[in-house]
Amino acid sequence: MKHPGAQTVEATQPSGQPARRARRQLLAKYITIFAAVVAIALVSSGALEIWFSYNEYKASLVRIQREQAESAAAKIAQFIREIESQVGWTTQLPWSTGTLEQRRFDALRLLRQVPAITELAQLDPTGHELLRVSRLAMDVIGSNADYSADPKFTEAVARKVYYGPVYFRRESEPYMTLSLAGTRRDAGVSVAEVNLKFIWDVVSQIKVGERGKAYVVDAKGRLIAHPDISLVLRNSDLSNLEQVKAARSGREEAPVTEAADFQGQVVLTAFAPVSDLGWLIFVDLPVAEAYAPLYSSLQRTAVLLMGGLLLALLAGFFLARRMVGPIRTLREGAARIGGGDLAQRISIRTGDELESLADQFNDMAARLADSYADLEKKVEIRTRELEQSNSELRALGEVSRAVNSTLDLETVLETIVTKAVQLSGTDGGAIYVLNDAKHEYELRATCGMSEELIAAVGSHHAEFSEAVARTVELRVPTQVPDLEENAASPVTDVMLHAGFRARLVVPLVGAERAVGALVVRRKAPGAFPASTIELLQTFAAQSVLAIENANLFHEIEAKSRELQLASQHKSQFLANMSHELRTPLNAILGYTELILDNVYGEVPARVTATLARVQSNGRHLLGLINDVLDLSKIEAGQLQLTLGDYSVKDVVHNVFSAVESLASNKNIRLKVDIAPELPAARGDERRLTQVLLNLVGNAIKFTDTGEVAIKASNSNGNFTIAVRDTGPGISEADQAKIFEEFQQADSSTTKEKGGTGLGLAIARSIIEMHGGRLWVESKVGEGSTFIFTVPTIVETQASA
Ligand code: ADP
């Protein structure tokens, strides 16, 4: 299939260095293989042919030469045999028979009949010459020269025939002595001098190629016949030549066929022996000439080889180009597909496997493109889903933040309905909350609703409440895909008039009961998808939480308001009570003092003691009432500090002088350490004196032996006053509670010292009203140190 916008790769565009190199490699490979195949075929067939034809050719040449040699040898042998038989005839006569004249006559006739015989001599059986007839000299008769020791006599007698060595006469003619003994004992020996020119004729007639020659050597290896007579006359000895040596040794089975001749020229040679004489006829042909046809055949083969190679190179080049082009196109196309260009199509029209490979690549690319597109679509859908759930999560986060950060129900519900409308893709929404007092569902938050629509809902609030109540009762989300299909009612009409067509109501159901409803409306009709309903249920749960939180908060608010009121009443009552008690108590104390001062006359001792007890208990009661009064004033927020200038030093000294006698009564050392040059101070001197008096009083009260030290210092705009004692100390658990009203430490020692447990509570309140701090540092058995700090200058009272 053709993909839209498919591209084709041009096979002729080299795309880069590696491609070119690869192409060259392939090209070179193909060319080399082609050339090698052709060269091997041609060279091997040429070499084989040359080798075989060389051998055959050489063999046939040698054979021809040998035949020529043999026929020449046969001719020579025939010639010698004929002379032999002619001479033999002269030996038939015994010396006893026939006269010398007769023999001379026979000899002359022989010379006439056989032109090759130049001279004939006859020796008697003792070796003495009887007769000599010659063509060149005068006949000699009865010279009686003694040849009895001459080989031509001795050899002839011994072997019947003797062939003498070749010799030359008249400068150029070869001769040979031929002696023949008669068959009878008294026949004597005939000695003929034979002209061997005939042999030269025979040798000269032999034609071997252009420059081939035949020649004859005798039994000793001397040259005796050659077309070039001068060589013969030089008496050349050829016995050292390779071929002559081999021939003379008679090694017939491995004849030398190629050797250097006596002129140093390499020749093809063959020979034949001349029977009886021991001569050898050689026929030579120079190798250069003999092999000339072979060489030209070799040249032809070489030319053929070159031509073949050239053809192979060309064929290799073209074939490789045809192969490499499409392969490169394939490679480039595949690379582009691999690089992500899936619209890429490879176009190869070779009609072979390469084309089908390209088609497969194209198919693959198309399938890849398809699955890629599919994948992208899926990714897009997933991304959208993720985005949706992301924004849902974000919205839920915002909603729960709103639920947790504010108790303002309106704000929370506004946030919820806005997010619900946004995420459900609807056009408007509202939250109705049940008003318990009115037993009615009230519109509490809206989104996408015009003022006019809100007003319309308000004017039909009873109908809307009823409609909401009906759906909430079902406890499951209910939807109306198209309001137009609903029966006409004020509720439906108002919404249709505002342009809304579809509605989804999710009831807000708390742990015990329904508390309201979340409603979303869409202008386009149609069912709400399950995912939207699910989402709105989550929002509904958050809304319920917010509503219940708000309800709880309101309940707590109401309760704490009630509690505050009750506490105020209690403090008021206590303050009034204390005041009312203090006046008569002061009167009692005053009159008691007057009686004890004997203002009303002498008082008996019994009465004095009782009155003293009345006075002491009365003072204690007054202190108690004063404390209770202070405390109730503090709780009712009525205790007012009287701010004025004071001196810390004076405060400490006043306290010191007040408790001095108390300490000395108990044998306790009272130490005072005031830092020099303390700055001027501003605050409620009376109240601060009350606090220090309380602390020092406690210290003396709870300490049985040792000392109580008061230390006053100043740093960073604060006074620090510490009261240290060597008393029983306070456990950590007690340290936490002794500052609360009516609280005392649990240890029996402190309990039995009496007291009400109000002093420290009042002291802490007074110090805090000065903007300072009061605390204790103590360990059981190691004494206690009560410390307070107050700002040097206090201009306004802080709330305790
Ligand atoms: P009161 O002394 O009238 O009981 P306070 O409020 O002054 O009330 O003290 C509360 C309690 O703190 C005391 O009852 C006592 O148990 C403990 N307390 C206060 N000062 C000391 C102290 N210097 N050493 C040991 N215990 C102390």
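Counting convention: from 1, in listed order, for ligands and their atoms alike. The first residue in the sequence is number 1, and the count goes up from there.
Asn654 and Glu685 form no side-chain donor-acceptor contact under 3.5 Å, judged by distance and modelled atom types alone.
Crowding of Lys737 atom NZ: a count of heavy atoms from other residues, nucleotides or ligands under 6.0 Å exceeding 12. Within a 6.0 Å sphere centred on NZ of Lys570, heavy atoms belonging to other residues, nucleotides or ligands number more than 12.
Ionic pairing of Arg682 and Asp645 is present here: one or more N-O contacts between side-chain nitrogen and carboxylate oxygen are shorter than 4.0 angstrom.
Heavy-atom contacts of Ile738 reach the following atoms of ligand 1: 12 (O) (cutoff under 4.0 Å). Those atoms of ligand 1 with a heavy atom of Gly759 less than 4.0 angstrom away are 5 (P), 6 (O), 7 (O). Less than 4.0 angstrom separates some heavy atom of Gln744 from each of these atoms of ligand 1: 4 (O), 11 (C), 14 (O). The distance from ligand 1 to the heavy atoms of Asp725 drops below 4.0 Å at these ligand atoms: 22 (C), 23 (N), 24 (N). Of all atoms in ligand 1, numbered sequentially from 1 with element shown, those under 4.0 Å from a heavy atom of Asn694 are 7 (O). Near Leu758, meaning under 4.0 Å from any of its heavy atoms, are these atoms of ligand 1: 6 (O), 8 (O). Every atom of ligand 1 is numbered from 1 in the order shown, and the set under 4.0 Å from a heavy atom of Ala699 is 23 (N).
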Apply side chain to side chain contact (heavy atoms under 4.5 Å, CB included) to the pair Phe528 and Thr426, showing each step before the final yes or no. CA-CA 10 Å; Phe528 291 86; Thr426 47; 3.6 Å; yes
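Ligand 1 has a nitrogen or oxygen under 3.5 angstrom from a nitrogen or oxygen of Leu760. Of the N or O atoms in Gly757, one or more lie within a sub-3.5 Å distance of an N or O in ligand 1.
Using modelled atom types, one side-chain atom of Thr726 and one backbone atom of Glu707 make a donor-acceptor pair closer than 3.5 Å. Ser391 places a side-chain N or O within donor-acceptor distance of the main-chain N or O of Gln388, the cut-off being under 3.5 Å.
Within the structure, the closest approach of Phe786 to ligand 1 falls below 4.0 Å when heavy atoms are considered.
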